[in-house]
Amino acid sequence: MKIMKKILACLTLMLGIVLPAAAGDSPVDLVRDTSRQVLDTLKQDNGKNTGKIRDQVEALVVPKFDFKRMTALALGKNWRVASPEQQNDLAVQFQTLLVRTYSSTMTRFKTAQVDVKPSANFSANGQEASVHSDITLPNSNDKKTVSVDYILYKTSQGWRVYNINVEGASLVTVYRNQFDADIRASGIDGLIKSLKDKNSGKGA
Amino acid sequence: MTLRPLILAGLMAATLAGCATQPSNPRDPLEPMNRAVYRFNDAADRAVAKPVAKAYHSVTPLPVRIAVNNFFDNLRDVYSAVSNTLRADPERALNDTMRVAMNSTFGLFGLIDIATPAGLKDNKNTLGDTFASWGWKQSNYLVLPLMGPSTVRDGTGFGIVAAMTPERNLYHSPAAANVATGLNLVSKREQLLGLEEVLDNAALDPYAYTRDAYLQVRDKSLGIAPPKNEDDDLSIDAIMGTTPPEPGKADASAPRAKAALPDASAAK
């Protein structure tokens with residue numbers, strides 16, 4: 001139960017507290033700057049303007065992600081059998097799913113404290129980086145910190161996030177078995193349809 | 001303890017259950033049974049636990065809820081001290097013992113957690129952790145009635161502790177002990193309020209989502225690498241490397257292709 005709480009608590013942080021503006025070149029700066037901007041924006045929430053705040057945070061956060069790469073990671077080997085059109089559809093639907101999920105709960109994190117560790121771990125000849133942060137929620141009766149790792153890669157536009165690990169659980173690969181089950185049952189198009197149904201509120 | 005028969009029944013079923021047909025996760029051979037228990041838990045949660053937790057949240061102020069959580073947390077430190085002793089980790093066992101000593105006295109029977117700010121780290125271990133340190137690393141997924149996600153290993157540890165119910169000596173009557181057990185569950189559930197909607201929103205299959213996230217976190221907390229299947233070995237570049245170039249997606253495709261080449265060769 002405790003572990004699930006951690007996962008879920010931080011799932012919701014995924015869109016809440018993230019990444020880089022075109023600011024510095026360092027992935028750490030970008031994570032830290034965006035976290036700060038997001039928290040500042042969330043603090044303006046007064047219960048009446050929640051919709052507007054959500055839009056602002058989404059505008060801040062969404063460009064920092066590469067949803068296509070995320071979707072590929074979520075699908076694993078199945079990504080390679082999808083046609084380019086299917087890949088586009090999947091990425092669009094997966095993005096909608098994630099944004100919808102996390103934006104609906106982001107305001108509960110307005111008092112969160114985010115501690116971004118100053119050094120990133122680089123890999124793949126400096127093309128990939130992992131940035132560690134610890135997140136604390138002061139207004140909760142369980143005051144443990146939750147560790148969140150952002151996995152980024154370098155693009156010509158700067159660093160982009162394509163994976164987030166919360167306490168060791170990837171918010172992206174956690175979908176792999178679910179996607180695989182759908183694909184085995186009804187193919188790539190079946191998965192696209194499930195995602196569409198889910199996103200339009202018809203359930204999976 | 002009313003939980004005991006349920007748990008024992010669950011464990012027995014776990015050992016007796018045969019092979020499932022094509023599990024969606026290789027570590028979930030008990031999927032049909034787990035799904036049934038999951039459905040039961042889900043129904044019980046919606047009907048009882050969630051409304052009760054909501055009521056608890058609305059009638060008790062935050063300081064009280066913190067105190068309640070601290071009280072049960074202090075009891076868990078006792079178990080943790082025992083578990084750490086069993087796994088021959090004297091440093092942590094001493095740490096846990098000191099936590100209990102401080103919180104039970106200066107912390108008013110555990111209502112206040114003064115050990116954490118005093119620098120005694122909260123690194124709780126369970127009997128499941130002990131089993132893992134004894135070599136039982138990989139364990140299949142198991143959903144416990146009322147308690148939720150677990151593994152066969154951790155569920156066994158939990159079942160043993162539940163069957164012995166050592167903390168019942170604390171309470172004067174069985175009724176008081178049952179109230180305490182219930183309060184502990186409500187307190188835990190209260191912390192999860194609002195998050196079940198996230199799960200509902202996020203998951204195509206909430207059962208599989210819970211399972212896969214739980215197993216990843218549990219493996220990580222034990223410091224063991226998840227079992228490899230061919231899919232996990234694929235790096236992101238291997239997955240995307242064979243992707244036909246994408247027209248119109250200027251931002252990502254160019255650098256990705258560049259990044260893919262050195263990495264794919266380096267990763268293997």
Side-chain angles (χ1 to χ4, degrees), chain A residues 1-9 11-12 66 68-69 72-73 75-77 79-80 84 87-88 97-98 100-102 104-105 108 123-125 127-128 139-144 153-157 160 162-163 166-170 173-182 194-195 198 204, chain B residues 24-25 62 65-66 68-70 113 116 122 147-149 187-192 194-199 201-205 208-221 230-232 234 236-237 239-240 242-244 246 249-252 254-256 258-259 262-263 266-267:
Chain A
M1 279 306 241
K2 202 144 224 176
I3 289 176
M4 282 317 294
K5 179 203 155 113
K6 277 191 183 176
I7 303 172
L8 290 176
L11 289 178
T12 44
D66 183 339
K68 191 149 199 183
R69 198 171 168 92
L73 185 62
L75 263 83
K77 63 180 190 305
W79 180 256
R80 299 192 291 196
Q87 290 180 349
N88 276 333
L97 175 68
L98 293 175
R100 225 174 57 109
T101 299
Y102 298 112
S104 64
T105 43
R108 71 161 43 217
S123 58
N125 297 328
Q127 299 297 306
E128 303 233 346
N139 285 339
S140 97
N141 48 1
D142 178 26
K143 61 260 158 226
K144 290 200 182 63
Y153 83 117
K154 209 177 198 169
T155 75
S156 54
Q157 267 85 42
R160 292 284 181 275
Y162 72 95
N163 194 4
V166 178
E167 291 286 315
S170 163
T173 60
V174 72
Y175 282 98
R176 195 171 282 177
N177 283 320
Q178 294 169 71
F179 286 177
D180 194 51
D182 265 16
S194 302
L195 286 168
K198 177 90 191 167
Chain B
S24 59
N25 181 324
L62 181 61
R65 297 199 301 272
I66 291 176
V68 168
N69 185 52
N70 284 342
D113 176 16
T116 308
D122 182 3
M147 306 304 292
S187 165
K188 281 188 178 170
R189 183 61 183 85
E190 188 268 335
Q191 296 171 15
L192 293 160
L195 295 171
E196 68 278 344
E197 281 127 44
V198 178
L199 181 64
N201 280 334
L204 288 183
D205 175 0
Y209 192 102
T210 308
R211 175 195 62 205
D212 295 343
Y214 176 82
L215 287 176
Q216 284 188 21
V217 170
R218 190 69 181 118
D219 282 350
K220 171 79 180 222
S221 75
E230 36 117 20
D231 212 13
D232 293 335
L234 292 175
I236 177 67
D237 295 310
I239 293 167
M240 299 199 69
T242 51
T243 306
E246 270 299 310
K249 261 256 166 176
D251 74 321
R256 182 188 303 139
K258 242 183 278 162
D263 190 55

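Numbered from 1 within each chain, the chains take letters A, B, ... in sequence-line order.
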Hey, what do you get for CZ (Arg176(A)) to CG (Asn25(B)), rounding to the nearest 0.5 Å?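 If we round to the nearest 0.5 Å, Arg176(A):CZ and Asn25(B):CG are 12.0 Å apart.
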
Between OG1 of Thr173(A) and CD of Gln216(B), what distance do you get to the nearest 0.5 Å?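 Here the rounded value is 4.0 Å.
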
Evaluate the side-chain proximity of Phe179(A) to Leu204(B): yes if any heavy-atom separation is below 4.5 Å, no if none is.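 A side-chain contact under 4.5 Å exists here.
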
Give a yes or no on whether the backbone of [Y] and the side-chain of [X] come within a donor-acceptor separation of less than 3.5 Å.
X: Tyr102(A); Y: Ala202(B); answer: no
X: Gln178(A); Y: Asp205(B); answer: yes
X: Lys220(B); Y: Val166(A); answer: no

State, to 0.1 Å, how close Ala213(B) and Ala169(A) come at their nearest heavy-atom pair, and which atoms those are.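 For Ala213(B) versus Ala169(A), the nearest heavy atoms are O-CB, 3.8 Å.
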
Heavy-atom distances under 4.5 Å only: say whether Asn163(A) touches chain B with side chain, backbone, both or neither.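 Neither part.
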
